[in-house]
> 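Below are the structure tokens for one structure; questions will follow.
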Amino acid sequence: MSQFFSPKEVALAIGVSESSLKRWVDKGLIPAEKTGGGHRRLQLDAVLRFIRDEGKGLANPEIIGLPAETGKIVPAGESAQAEFLQAMSSGNEATAKRIILDLFISGMSVANICDLVIAPVFERIGDLWRCGDLEVYQERRACELCGRVIHELRRAVGSGPDDGPLAIGGTLDGDPYTLATNMSEVVLRDAGWRATSLGHMLPFDTLRKAIENDHPHLMWISVTTIRDTERFIANFNVLFDTATSFGCAIIVGGQALTADIRQSLRYTTFCDNLRHMEAFARTIRPRDRVATPITSPEVKF
Ligand code: B12
């Protein structure tokens, strides 16, 4: 599906005249690109940002590739969680995407959507599975589906500025949990970072190589499970030393990082949730890129 839409398509999606839409574009309210032939082309994230900022609805969301009914229901915080749980357990992808996009359009931050809606629903799914009230296939299906919901949120947020500071991250060897790292990527993009998740089950060595090759200013690590605590701590601290020598901050979070383990780890900051990371990431702004290793163990921003 194309990420670009014509003013006519966007006008139909919002339910306004094409001339009003073109006026908003010409006033700079919705950033647009021009084709070689001089036609305006609008990107989905710019359109959604406009709808969000101006409090507009969507008359025909399908025209811009969104699930039917998106932008028509004003979501209530408490019911959104219950509805999202229902959609996740029954495998209703369109409803799940619609709920999350509605929350986004209504102005809820990506970090809040992840921390206050998606994460608690997965905690509940874990409890239901443990008690035998949810089949394994339902839990797995919910994970697959949630991956696609996060992808939709990523489309809504956009890819972030091309010249934004670089952030990379993922989960470590033995850790198959994908949701939190994918959410971290979207939250950081929303905070103005050029963020890319490297995926899950990443060997420590390859993360060190990624720092040496790509010189990110920030690396996030999500830790939901640890196979061998001693080796984990030793490898992690070597990774941190590499990161520091390249001026890269390390943010860690995740269920497996107990207070005891954290005592032995070196990192720039630990965050309980994605709102904490968002606040940290919005605060730090790299001044100049560090192209070669620095000798001092201080993080340079
Ligand atoms: C989905 C899931 C799986 C899926 C994951 C698939 C995938 N693609 O990710 C799969 C099928 C792999 C799986 C497997 C297993 N699982 Co499991 N799983 C879950 C479940 C239901 C959800 C986890 C999740 O992704 N939540 C969504 C994320 C976003 O929420 P979160 O982890 O809480 O993250 C938040 C914060 O921690 C923080 N955060 C996290 N990372 C980071 C990183 C940064 C940088 C920052 C800033 C913040 C941050 O912010 C997030 C948002 O608020 C949990 C239930 C639960 N209570 O969490 C069980 C759970 C973790 N699993 C459990 C178990 C037992 C298992 C298995 C052993 C089951 C089995 N018998 O096979 C295996 C073990 C796999 C392994 N190798 O370790 C138990 C763990 C119990 C324990 N503490 O030991 C749980 C708690 C279920 C339960 N209630 O018993 N699981």
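Numbering of ligands and ligand atoms starts at 1, following listing order.
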> Below 4.0 Å from ligand 1: does a non-hydrogen atom of Glu144 turn up there or not?
no

> Would you say Glu18 has more than 12 foreign heavy atoms packed within less than 6.0 Å of its CD?
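Check passes, neighbour count above 12.
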
> May I ask you to list the protein N, O or S atoms found at less than 2.8 Å from atom 17 (Co) of ligand 1?
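Per the 2.8 Å query on atom 17 (Co) of ligand 1, atoms found are Tyr177 OH.
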
> If you measure from each non-hydrogen atom of Arg130 to ligand 1, which part falls under 4.0 Å: side chain, backbone, both or neither?
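Only the side chain of Arg130 comes within reach of ligand 1.
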
> Please state which part of His276 comes within less than 4.0 Å of ligand 1, counting heavy atoms only: side chain, backbone, both or neither.
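No part of His276 comes within reach of ligand 1.
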
> Please report which non-hydrogen protein atom sits nearest to atom 79 (C) of ligand 1, along with the residue it belongs to and the distance in Å to one decimal place.
Trp129 CZ3, 4.7 Å

> State, yes or no, whether a side-chain contact exists between Arg148 and Lys97 at a heavy-atom distance under 4.5 Å.
yes

> Below the 3.5 angstrom mark, is there an N/O of Ser222, backbone or side chain, next to an N/O of ligand 1?
yes

> Quick test of your reading of the structure: of Ser184, Gly169, Pro176, whose heavy atom lies closest to atom 77 (N) of ligand 1?
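Among Ser184, Gly169, Pro176, the closest heavy atom to atom 77 (N) of ligand 1 comes from Pro176.
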
> Answer yes when Arg98 and Asp102 have at least one side-chain N-carboxylate O distance shorter than 4.0 Å, and no when they do not.
yes

> If you count heavy atoms of other groups shown closer than 6.0 angstrom to CZ of Arg262, is the number above 12?
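Yes - once you tally the heavy atoms of other residues, nucleotides and ligands closer than 6.0 Å, there are more than 12.
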
> How far is atom 55 (C) of ligand 1 from its nearest protein heavy atom, and which residue and atom name does that atom have?
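For atom 55 (C) of ligand 1, the nearest protein heavy atom comes out as Phe122 O, 3.6 Å.
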
> Mind checking ring pair (Phe, Tyr, Trp, His ring centres under 6.0 Å) for Phe236 and listing every partner two or more places apart, or none if nothing turns up?
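Applying ring pair (Phe, Tyr, Trp, His ring centres under 6.0 Å) to Phe236 gives Phe232.
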
> So, 4.0 Å and heavy atoms of Ile221: is ligand 1 close enough to count as a contact?
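Yes, Ile221 has a heavy atom closer than 4.0 Å to ligand 1.
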
> May I ask you to check if ligand 1 and Asp115 share an N or O to N or O distance below 3.5 Å?
yes

> Counting heavy atoms only, which of Leu257, Thr178, Val187 is nearest atom 9 (O) of ligand 1?
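The nearest heavy atom belongs to Thr178.
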
> Under the rule for salt bridge (charged side-chain N to carboxylate O under 4.0 Å, His left out), what residues qualify as partners of Glu9, not counting sequence neighbours?
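Salt bridge (charged side-chain N to carboxylate O under 4.0 Å, His left out) check on Glu9 returns nothing, list empty.
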
> Does the Lys NZ or Arg CZ of Arg266 fall within the cation-pi geometry relative to Phe240 - under 6.0 Å from the ring centre and within 45° of the axis?
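Judged by the rule (NZ or CZ under 6.0 Å from the ring centre, within 45° of its axis), Arg266 is not positioned above Phe240.
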
> If Ile, Leu, Val, Met, Phe, Trp and Tyr residues are connected whenever their side-chain heavy atoms lie under 4.5 Å apart, and connections chain through other members, are Ile221 and Phe204 in the same group?
yes

> Look up atom OG1 in Thr224 and atom CG in Leu179, then write down how far apart they are to the nearest 0.5 Å.
8.5 Å

> How does Thr181 reach ligand 1, by side chain, by backbone, by both or by neither, if only non-hydrogen atoms under 4.0 Å count?
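For Thr181, there is no contact with ligand 1 at all, from either part.
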
> Could you identify the single nearest non-hydrogen protein atom to atom 38 (C) of ligand 1 and state the distance to 0.1 Å?
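The answer is Asp272 O, 3.4 Å.
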
> Once rounded to the nearest 0.5 Å, what's the spacing between atom CD1 of Ile14 and atom CD1 of Ile51?
4.5 Å

> Looking at ligand 1, does Glu139 have a heavy atom less than 4.0 Å from it?
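Contact present.
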
> Does at least one non-hydrogen atom of Ile118 fall below 4.0 angstrom from an atom of ligand 1?
no

> In the protein, what heavy atom is nearest to atom 50 (O) of ligand 1, and what distance, to one decimal place, separates them?
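Going by distance alone, atom 50 (O) of ligand 1 is nearest to Asn273 CA, 3.7 Å.
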
> Using heavy-atom distances only, which candidate in Ala119, Cys114, Cys143 approaches atom 1 (C) of ligand 1 most closely?
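Going through Ala119, Cys114, Cys143 one by one, Cys143 has the nearest heavy atom to atom 1 (C) of ligand 1.
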
> Verify whether the ring centers belonging to Tyr177 and His200 lie closer than 6.0 Å.
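Between Tyr177 and His200, the centre distance exceeds or equals 6.0 Å.
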
> Measuring from Met183:CE to Ser197:OG, what's the distance to the nearest 0.5 Å?
12.0 Å

> I want to know if ligand 1 touches Trp220 in the polar sense, i.e. an N/O pair below 3.5 angstrom.
no

> Please list the nearest protein heavy atom to atom 42 (C) of ligand 1 with its residue and the distance rounded to 0.1 Å.
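Result: Gly253 C, 3.4 Å.
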
> For the CD atom of Gln43 and the CZ atom of Phe5, what is their distance to the nearest 0.5 Å?
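Separation between the atoms: 9.5 Å.
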
> Any idea which atoms of ligand 1 are less than 4.0 Å away from a heavy-atom of Met183?
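Checking each atom against Met183, I get 29 (C).
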
> Which residue supplies the protein heavy atom nearest to atom 37 (O) of ligand 1, what is that atom called, and how far is it?
Gly254 CA, 3.8 Å

> Looking only at side chains, do Thr181 and Ser184 share a donor and an acceptor under 3.5 Å apart?
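Side-chain D/A pair, Thr181 to Ser184: absent.
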
> Return the set of residues passing salt bridge (charged side-chain N to carboxylate O under 4.0 Å, His left out) with Arg124 (not counting sequence neighbours), or none when no residue passes.
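Scan of Arg124 (salt bridge (charged side-chain N to carboxylate O under 4.0 Å, His left out), adjacent residues dropped) gives none.
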
> Which protein heavy atom lies closest to atom 34 (O) of ligand 1, and at what distance to 0.1 Å?
Ala180 CB, 4.2 Å

> Considering only protein heavy atoms, which is closest to atom 56 (C) of ligand 1, and at what distance to one decimal place?
Gln255 NE2, 3.7 Å

